[in-house]
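All figures in this text were calculated on a predicted structure; none of them were measured in a lab. Computation of the quantities below employed the complete heavy-atom set of this structure, encompassing side-chain atoms and omitting hydrogens, waters and symmetry-equivalent molecules. In each ligand, atom 1 is the first atom listed, and ligand 1 is the first ligand listed.
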Amino acid sequence: MSVLKILKYPDPRLNEESLDVEEFGEDLKALAADMAETMISAPGVGLAAPQGGKLLRLIVVDRSDLEDEDREPEPMVLVNPEIVRAEGSQIFKEGCLSVDDFQSEVTRYMEIEVEAQDLDGNLFTVEAEGRMAVILQHEIDHLDGVLFLEHVSPLKRSMYTTSLLKRRNKDAKS
Ligand code: NI
């Protein structure tokens with residue numbers, strides 16, 4: 001297993017649409033294991049394959065109890081995940097391993113049902129609400145090339161991108 005290099009905003013690959021996974025072999029298992037390791041070492045609670053530069057519909061989320069300080073991460077892999085039911089709404093403060101130094105409140109569905117395949121191609125369903133529903137929606141967005149920044153108000157987003165540019169120019173000079 002190895003830790004993948006995480007692409008950072010504004011890398012244009014983060015805006016691309018990922019392809020369906022069609023081959024369920026050793027390569028897919030190895031990629032999923034690398035993604036789990038990358039998520040845990042970051043540390044983060046979710047990671048989508050395009051963040052590791054692989055444009056495939058594959059995500060990993062941590063399904064352990066995130067409120068528990070002594071928790072051990074429990075990575076869950078979802079291949080070709082699709083939201084098949086969504087209800088309600090909630091506002092949650094989000095961040096992203098591909099977006100440095102920025103967090104913002106985002107409105108998402110409160111409860112969702114996701115259909116996905118496991119690493120052998122078997123279909124399964126996950127029902128989630130609250131924070132886990134947020135994480136799943138955030139990661140599935142990545143597969144469509146959508147960052148959480150696109151759910152943030154244009155003013156907040158432009159303040160962030162301006163400060164990012166300033167920092168970069170400073171780094172380039174020093
Ligand atoms: Ni993200």
Side-chain angles (χ1 to χ4, degrees), residues 1-21 28 31-67 71 73-83 86 89-116 126 128-154 156-165 167-168:
M1 289 202 291
S2 56
V3 170
L4 303 168
K5 188 174 184 296
I6 297 176
L7 302 184
K8 301 287 182 177
Y9 175 84
D11 191 306
R13 284 171 288 180
L14 292 168
N15 295 118
E16 284 184 37
E17 191 149 344
S18 291
L19 300 171
D20 285 338
V21 172
L28 184 68
L31 174 59
D34 287 349
M35 283 172 55
E37 195 180 345
T38 306
M39 173 185 78
I40 292 166
S41 76
V45 291
L47 190 74
Q51 292 180 278
K54 313 279 183 206
L55 292 173
L56 287 172
R57 301 193 78 87
L58 168 66
I59 64 172
V60 178
V61 298
D62 183 356
R63 66 173 159 195
S64 66
D65 179 4
L66 300 175
E67 307 301 322
R71 74 195 174 85
E74 286 174 48
M76 172 169 65
V77 177
L78 292 92
V79 182
N80 300 326
E82 207 177 318
I83 297 172
S89 76
Q90 60 177 324
I91 297 172
F92 207 94
K93 196 171 199 181
E94 296 185 26
C96 178
L97 295 175
S98 293
V99 181
D100 286 336
D101 306 319
F102 185 69
Q103 291 192 321
S104 181
E105 289 184 331
V106 173
T107 304
R108 303 269 190 191
Y109 293 115
M110 181 65 180
E111 258 187 75
I112 56 169
E113 190 176 321
V114 177
E115 267 180 19
V126 181
E129 60 174 7
R131 188 170 178 183
M132 183 47 68
V134 170
I135 295 168
L136 285 166
Q137 288 169 85
H138 177 118
E139 300 310 334
I140 292 171
D141 261 0
H142 274 297
L143 305 181
D144 295 318
V146 174
L147 295 175
F148 83 108
L149 291 173
E150 293 184 37
H151 296 291
V152 170
S153 76
K156 253 187 154 172
R157 188 168 57 230
S158 73
M159 279 166 65
Y160 172 66
T161 50
T162 306
S163 75
L164 189 69
L165 278 176
R167 249 178 310 170
R168 289 207 164 175

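Atoms CD and CD1, on Glu115 and Ile83 in that order, are 12.0 Å from each other to the nearest 0.5 Å. The CG atom of Leu97 lies 9.5 Å from the OG1 atom of Thr38; values are rounded to the nearest 0.5 Å.
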_Worked check of salt bridge (Lys or Arg N to Asp or Glu O under 4.0 Å) between Asp100 and Arg167_ = CA-CA 12 Å; Asp100 286 336; Arg167 249 178 310 170; over 6 Å; no
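Nearby protein atoms of type N, O or S around the Ni ion (ligand 1) amount to 3 (distance under 2.8 Å).
Panel note: side chain Glu111, backbone Ala133; no donor-acceptor pair is recorded below 3.5 Å.
In Tyr109, the OH atom is not crowded: 12 or fewer heavy atoms of neighbouring residues, nucleotides or ligands sit closer than 6.0 Å. Atom CD of Gln103 has more than 12 heavy atoms from other residues, nucleotides or ligands within 6.0 Å.
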